[in-house]
Structures are given as structure tokens and as C-alpha cells.
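Report on one structure; see the data block that follows.
Here the structure is a predicted model, which means the values were calculated and not measured. Numbering starts at 1 and runs along the sequence shown.
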Amino acid sequence: MDLLRGLLQFLRPYRLLAATAFLLIVVAIIIFEYKFLSNFRSAEVSNDSTKPSLGNEEVKKEEKNFLTQPKDKDSSSTPSQDGVAAAVISQAVMIDARPAIVLRGQGKWPDAAKIIFQAQSRLNEAVAKAGLTVNGRPITVFTKTDDSGFNFEAMLPLTAAPEGKLSLIDGAEIGASPSGKALKFQHHGAYEEIEATYEAIAAYLDEKGLDSKDLIIEEYVGELREDDENIDVDIYVFLK
């Protein structure tokens with residue numbers, strides 16, 4: 001007991017020093033932990049902040065790629081296919097009858113361009129011999145078609161029908177162009193490729209649920225030449 005009291009008395013002068021040292025150690029630990037944890041948290045925040053930034057850059061790149069990426073397009077697309085796409089843009093019109101010089105005929109599809117060209121050439125000769133005045137573009141009226149061939153009436157519109165004349169030379173006659181409600185389509189390209197345009201028109205009519213008559217007019221824009229690979233044709237499909 002006396003020994004314990006003596007020890008306490010011996011340590012009493014060092015108690016304040018020990019307490020002070022303890023407090024300094026605690027403060028040092030707190031400061032160390034604060035600085036260490038602050039740096040650690042800053043590093044985590046810095047790393048986390050860069051991730052969304054990279055993600056945003058990737059998103060922006062993807063959005064840019066999407067916006068600049070062209071629409072799906074067949075690499076084998078040709079100008080004639082572009083013309084077919086344009087053909088299905090229809091326009092409803094009313095066709096008025098006009099006096100015309102007419103030449104009737106028939107033919108097979110492989111020779112269609114040649115037959116129509118020859119018919120129009122004969123009409124030009126008949127007009128010149130009869131002294132008539134053409135007032136409009138040359139047209140071909142298809143009155144019957146099937147897989148094997150077609151019946152047609154080649155026509156040249158006239159300013160006025162000559163009085164007292166119905167039949168002219170070379171089988172040409174004076175008549176009138178058809179009239180009625182029709183849908184107007186367009187073909188641009190070689191005449192040999194017009195079949196693709198008619199297929200597009202048929203698909204369009206089926207889609208819209210429209211019924212057409214057995215009556216189609218081709219109106220030739222510009223000079224009609226047999227071997228023309230770049231011809232504009234206005235196509236009029238008459239509706240029931």
C-alpha cells in the first residue's frame with residue numbers, strides 16, 4: 001500500500017505531460033486521417049467524374065454516327081430504279097378530249113419502241129401532206145394489252161379537225177383523244193425500261209385499292225426517238 005502511494009506520488013509530476021502527449025498523438029492521428037481520407041475521396045470523385053465524361057463522348061460519337069449515317073440504300077440502285085420510285089408519285093387530273101390525227105396498230109412488247117416510233121413518223125408525214133397543224137405532244141393510247149402484245153392508237157393532237165375529212169393517207173384518220181378522270185405518272189429513262197415503271201404503277205393501284213380501265217395514254221415529252229436512252233414519258237391511267 002505504501003509502495004503504491006509512493007509510486008503515485010512519483011508519477012504525479014508526469015501526469016500533465018503524459019496527458020499533453022496523449023492529446024498531441026490524438027490530434028496527429030485525426031489530422032493524418034483527415035488528410036488521407038480527403039485525398040482518397042478526391043481521387044474517387046475525380047475517377048468517377050471522368051467516367052461519365054467518357055461515356056458522354058461515346059454517346060455523342062454514336063449519335064453523330066447515327067445522324068450522319070445514310071439511310072439504307074441498295075448499292076446496286078440505278079437511275080432507272082430511281083425513275084421507278086418517282087413514277088409512283090401520282091397526280092389526279094381530268095383529261096379533255098382534243099381533235100387528233102389517229103393511226104391504229106398492234107404489236108409485240110419487244111418491238112414496242114420501234115413500232116410506236118414508226119407510227120408517229122407516219123403521222124407526221126400525214127399531217128404534212130394534209131396541211132394540218134399539230135397542237136400538242138405526240139401520244140399513244142393503249143386500248144388493249146396482254147402478255148403477248150398490245151393494241152394502240154398513235155395520235156397527234158390538232159388545233160382543229162379538218163372539215164369533211166375523216167380518212168387520210170397511209171391509214172391515218174381524224175378522231176379525238178380520250179377524256180376522263182386519270183392518274184398521272186412519269187417515266188424517265190430508256191423506253192425499254194418502262195415495264196418496270198408500269199409494275200410500280202400496278203403495285204401503287206393495288207395498294208390504294210383503285211380500279212383502272214383498259215385505257216392508258218403515254219405522252220412523250222420532247223422529241224421522240226427510237227433509240228433514245230433518256231426519254232420523259234407522262235403516263236395517264238384512266239380510273240373506273
Side-chain angles (χ1 to χ4, degrees), residues 80 83 86-87 90-146 148-195 197-198 201 212-239:
S80 62
S90 65
Q91 178 183 359
V93 295
M94 286 298 298
I95 305 296
D96 295 328
R98 293 179 294 171
I101 181 172
V102 183
L103 182 63
R104 294 180 176 84
Q106 58 185 12
K108 304 294 183 181
W109 292 117
D111 302 323
K114 180 179 180 180
I115 292 172
I116 290 172
F117 173 79
Q118 290 177 347
Q120 291 293 342
S121 297
R122 289 172 60 188
L123 284 179
N124 284 321
E125 293 175 1
V127 164
K129 292 178 180 179
L132 303 176
T133 302
V134 175
N135 183 25
R137 298 167 178 167
I139 64 176
T140 299
V141 180
F142 293 92
T143 55
K144 181 181 178 181
T145 61
D146 54 34
S148 60
F150 57 93
N151 293 349
F152 72 97
E153 295 177 352
M155 296 187 181
L156 286 176
L158 302 174
T159 301
E163 296 182 1
K165 288 186 177 181
L166 295 179
S167 298
L168 302 176
I169 60 173
D170 296 331
E173 300 177 355
I174 299 298
S177 62
S179 62
K181 181 181 178 181
L183 288 180
K184 178 182 177 181
F185 301 88
Q186 292 181 320
H187 169 77
H188 178 76
Y191 190 82
E192 286 77 4
E193 298 171 350
I194 201 169
E195 180 181 359
T197 300
Y198 277 114
I201 293 173
S212 61
K213 297 179 180 179
D214 292 330
L215 186 61
I216 297 173
I217 292 179
E218 288 183 358
E219 184 177 31
Y220 309 103
V221 181
E223 184 180 357
L224 179 62
R225 296 191 299 270
E226 182 179 352
D227 57 350
D228 195 347
E229 296 183 358
N230 192 21
I231 187 173
D232 291 321
V233 183
D234 290 339
I235 301 173
Y236 298 89
V237 179
F238 286 77
L239 302 178

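- Smallest separation of non-hydrogen atoms from Leu215 and Pro178: CD2-CB, 3.9 Å.
- Between Ile217 and Phe238, the closest side-chain pair of non-hydrogen atoms falls below 4.5 Å.
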**Request:** Might you work through the side-chain contact (heavy atoms from CB on, under 4.5 Å) test for Ile216 and Tyr198, ending with a clear yes or no?
**Result:** CA-CA 11 Å; Ile216 297 173; Tyr198 277 114; 3.7 Å; yes
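- Here the closest heavy-atom approach between residue Arg137 and residue Pro157 is recorded as O-CD, 3.2 Å.
- Between the Asp111 side chain and the Gly107 main chain, no donor and acceptor come within less than 3.5 Å of each other.
- Taken from CG in Asn124 to CZ in Arg122, the straight-line distance is 12.0 Å, to the nearest 0.5 Å.
- The two atoms that bring Ser148 and Lys108 nearest to each other are O-CD, 3.1 Å, heavy atoms only.
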**Criterion side-chain contact (heavy atoms from CB on, under 4.5 Å) on Ile194 and Ile235, from CA distance to verdict** = CA-CA 10 Å; Ile194 201 169; Ile235 301 173; 4.1 Å; yes
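- Checked for salt-bridge contact, Asp234 and Lys184 meet the test: a charged N lies under 4.0 Å from a carboxylate O.
- Taking 4.5 Å as the limit, some side-chain heavy atom of Met155 sits within range of a side-chain heavy atom of Val141.
- Annotation for Ala154 and Gln120: closest pair CB-NE2, 3.8 Å, computed over non-hydrogen atoms.
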**Asked** Could you walk me through whether Leu239 and Leu183 pass the side-chain contact (heavy atoms from CB on, under 4.5 Å) check?
**Response** CA-CA 7 Å; Leu239 302 178; Leu183 288 180; 3.9 Å; yes
**Request:** Go through the steps for Tyr191 and Ile116 under the test side-chain contact (heavy atoms from CB on, under 4.5 Å), then give the verdict.
**Result:** CA-CA 11 Å; Tyr191 190 82; Ile116 290 172; 3.1 Å; yes
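- When every heavy atom of Glu192 is checked against every heavy atom of Ala113, the shortest pair comes out as OE2-CB, 4.1 Å.
- The six-membered or imidazole ring of Phe152 lies away from that of Phe142, with a centre-to-centre distance of 6.0 Å or more.
- Although no hydrogens or angles enter the test, the distance criterion places no donor-acceptor pair under 3.5 Å between the side chain of Glu218 and the main chain of Tyr236.
- Once rounded to the nearest 0.5 Å, the distance linking CD1 of Ile95 with OG of Ser179 reads 9.0 Å.
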**Request:** Report the C-alpha separation of His188 and Asn230 in whole Å, then their side-chain angles, then the decisive distance to 0.1 Å, and conclude whether the side chain to side chain donor-acceptor pair (under 3.5 Å) test is met.
**Result:** CA-CA 7 Å; His188 178 76; Asn230 192 21; 2.8 Å; yes
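- Atom CD in Glu163 sits 12.0 Å away from atom CD1 in Ile174 (nearest 0.5 Å).
- The stretch residues 151-161 participates, sequence neighbours left out, in these side-chain hydrogen bond (donor to acceptor under 3.5 Å, both in side chains) pairs: Arg104-Glu153.
- By the neighbour-count criterion of 12 heavy atoms within 6.0 Å, atom CG of Asn135 is densely surrounded, having more than that number from other residues, nucleotides or ligands.
- Summarising the geometry, atom OG belonging to Ser177 is positioned 10.0 Å from atom CG belonging to Leu158; distances are rounded to the nearest 0.5 Å.
- Between Ile101 and Ala126, the shortest heavy-atom contact is CD1-CB, 3.7 Å.
- For the atom pair Leu103 CG and Leu123 CG, the distance stands at 5.0 Å (nearest 0.5 Å).
- Side chain of Trp109 to main chain of Asp146: a donor-acceptor pair is present (N/O by atom type, distance under 3.5 Å, no hydrogens or angles).
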